[in-house]
There are 2 protein chains.
Amino acid sequence: MKRDSGRKQPSMGDVAAAVGVSKTTISRYLHGEYGYMSDETKARIETAIKELGYRPNRMAQGLKSTVSNMVGVTIADIGNPFSSQMLKGIQQELRARDIQLLVSDSNNDPAIERANIEALLDAQVDGLIVNTVGGNDAYLTAYCTGGEPKPMVMLDRFVRPMVCDCVATNNHEATVEMLDHVAARGFSHVVFVTRSDRGVSTRSIRREAVERYLAGHGASVNGASDDGGLSGEVLVYDGGIDDLRARLAAVVGERGAGRVCLFANNEESMRDVMEAMPELDGERGRIGVCAFADERWARYSGEGITCLDQQPVLMGRTVAKALLARTCGGGDAEDAILEEGAADGIVVAARNDGHLLFEVPAQLHIHASTMR
Amino acid sequence: MKRDSGRKQPSMGDVAAAVGVSKTTISRYLHGEYGYMSDETKARIETAIKELGYRPNRMAQGLKSTVSNMVGVTIADIGNPFSSQMLKGIQQELRARDIQLLVSDSNNDPAIERANIEALLDAQVDGLIVNTVGGNDAYLTAYCTGGEPKPMVMLDRFVRPMVCDCVATNNHEATVEMLDHVAARGFSHVVFVTRSDRGVSTRSIRREAVERYLAGHGASVNGASDDGGLSGEVLVYDGGIDDLRARLAAVVGERGAGRVCLFANNEESMRDVMEAMPELDGERGRIGVCAFADERWARYSGEGITCLDQQPVLMGRTVAKALLARTCGGGDAEDAILEEGAADGIVVAARNDGHLLFEVPAQLHIHASTMR
DNA sequence: CTGTTAGCGCCTTCAA
DNA sequence: TTGAAGGCGCTAACAG
């Protein structure tokens, strides 16, 4: 009835003994292979299992079948709310398939990340989801191109050339959408604020998108606009608030009475900006702010911050589907994902050597911070 | 050199064959039992392992040794940023001991939680950390008092009577501290805003703390203060924003010109309040707000919200320590935790039948929302 | 319809 | 200082 009623967990042998059949029969019962099983033994097995509170040992199962029904995920910084949303999405898919999730936090340290991946593989996971901290491209590439690696899918990151499936935000399009919005709201200058991208693909991609946009609109990067279009620049800092404050003040001051919009690369940078310039509120109208950030947070921050929400739950669901297609599905990841994902706007944005890049669209939410 | 260079993962037998010794010797080498081993074989084993890229299969190890070096955690709602912070803390401790973490999300559903716990046990975890969704008290109690259960520790929750170790916030003291602050700032009425506590211990505990405080200060709960002290009431809602809006308006209106402070039970409720009354900003000075909430969020929300931060990372570290003390440490959980935890203000707040309740202090952060 | 036999990769006596 | 043998709990042929 209830597990643990005895001294120790009963094993399949115990059940077999109780019923008076062999372990094989029990095994077959468990796997639903009762095509050729007498209804009587079936019933007796059923009650015996209930009686003893027997539950199969997944570990032992995995030892034999070489599939553990576990997948591993390494998260660059699990303390980040963004991470937990992605985990939520991953869980949704895994729960449906009764697959366990092994979670590791890399604490933003490439060495820890490598150790985590090794440890997960030692635990015999069937596949890996990697939200890399950056700086491990060589290692990851070597892994993916090595012998016969367990499937890996990258999350909110990718390496070039692609050596495995990846799930990311449509960073380029999203950035353009935000810049268009900023321009439309009459700002004349945009400052893309980002921490230095130590190998984090998302940061560099967004930065490049900004630079290309500005170049394409006849505005000079880090220079003044000379034709009434949107000018802009990229501000890279290292996490020092004082440094950031001084540089922001300089940038804003330089623009005189022109309307400037600060565009933060992520929530972390957005917080840094708010910390550095609490007086932003005082200059409403002249200084706007926006960011890649979770709508749930941005909406209630300060006066309400215009943001690009990356839909992390959807990203998690997508990455889990992509991985499962490689591990057990056997089928085409592309079909599996696009079928349901199309409605959400998920597309294959690139492919290389059979590896796909799935892009999940970011959603623009407009709030007061760019509307005065 | 690198793993996977061959067709398949090499096993201990392969290494043994390569070196020309028995598996036993390899096993001993791996466990550091080279007390009686010739330096030569030791060296040869070492190189063979490197050469083949051999790594022990934790799954197979666990099958025999009955310790899997995995612990499981079920989280009520992993999408909550609070959850991810707790996971961070848990990871910090587990990583140090090379223990893997199996994570399940219960999605606020008691049935899923039960299924998750069963699944984790099937995966042979050595112990469980449970952040219960509530409504599973009977099940959890039965588990803990059953045969010989794997150790369980509850996180940010507890059941009465205590049937296992628990780690929670010092909800009572924290609530009192906040109410003292509210009173000191000259508010005359406080409204504790909470969703209905469907078996979630933290919610009911806080609510009780509020009621007791108000009763103890000569003020009547849900009534007007008649002696200049702090009066107050508890507002329980069900997640409907319109309902909440109407009731908040009524409550605030009733107070006339009196200064009212809304005290939200958690971030979720705080967001609901902000959604229901965006005009709070317009009444700064007369209407204050505060909440149990993450400082990183509260600080930048609206004008800056006074909050009680639960230090979730520290809670995570504490719960992991408590569990490890039961699983492998063999030692006293109390000593293990209090030794380092004392500096952080962690105390044993209750004990029952050998089970301990560890309380992690919440920290009061004062911001503009209660200061005008 | 059901049982026998051999392992999966590792650990653990017991012998040598 | 090292092996051989048996078994953890389960699966997978191959026989009946």
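Keep in mind the model is a prediction, meaning the values are calculated, not measured. First the proteins, then the strands, lettered A, B, ... as listed; each starts at 1.
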For this session: With pairs defined as Watson-Crick or G-U wobble and both distances under 3.5 angstrom, please note down DNA chain D as a dot-bracket string, | for pairing with another strand.
Result: |||||||||||.||||
Exercise. When you measure from the side chain of A:V21, which nucleotide among C:dG3, C:dT2, D:dT1 comes out closest?
Worked result: C:dG3
Exercise. Hey, are the side chains of B:K150 and B:L128 touching, using non-hydrogen atoms and a 4.5 Å cut-off?
Worked result: no
For this session: Scan B:I99, B:V103, B:L323, B:L101 and name whichever one has a side-chain contact (heavy atoms from CB on, under 4.5 Å) with B:I90.
Result: B:L101
Problem set entry | Residues, nucleotides or ligands: over 12 heavy atoms within 6.0 Å of B:E33 CD | yes
Exercise. Nearest-Å distance, CG (B:D39) to P (D:dT1)?
Worked result: 9 Å
Exercise. Rounded to whole angstroms, how far apart are CG on A:N69 and C1' on D:dG9?
Worked result: 16 Å
For this session: Quickly work out the B:M37 CE to D:dG3 C1' distance and round it to whole Å.
Result: 12 Å
Exercise. Among A:I45, A:L52, A:T47, which residue meets the side-chain contact (heavy atoms from CB on, under 4.5 Å) test with A:I49?
Worked result: A:I45
Exercise. What interatomic distance, in whole Å, is found between P of C:dC1 and the corresponding atom of D:dC10?
Worked result: 25 Å
Problem set entry | Contact letters for nucleotides 6-16 of chain C, in which S counts primed atoms plus P, OP1 and OP2 and B counts the base, heavy atoms under 4.0 Å | -BBBBBB----
Problem set entry | B:P151 backbone acceptor or donor facing B:R326 side chain under 3.5 Å | no
For this session: Report the distance from atom CZ of A:R44 to atom C1' of C:dT2, rounded to the nearest whole Å.
Result: 13 Å
Exercise. Can you check whether B:M315 reaches B:L155 side chain to side chain, under 4.5 Å on heavy atoms?
Worked result: yes
Problem set entry | Pairing residues for B:D109 by the salt bridge (Lys or Arg N to Asp or Glu O under 4.0 Å) criterion, not counting sequence neighbours | none
Exercise. With a 4.5 Å limit on heavy-atom distance, are the side chains of B:R317 and B:E340 in contact?
Worked result: no
For this session: Take the protein atom CG of A:D14 and the nucleotide atom P of D:dG9, then report the distance between them rounded to whole Å.
Result: 8 Å
Problem set entry | Interatomic distance at P, D:dG9 relative to C:dT2, whole Å | 25 Å
Exercise. Is A:E113 reaching over with its side chain to a backbone N or O of A:V133, donor-acceptor style, under 3.5 angstrom?
Worked result: yes
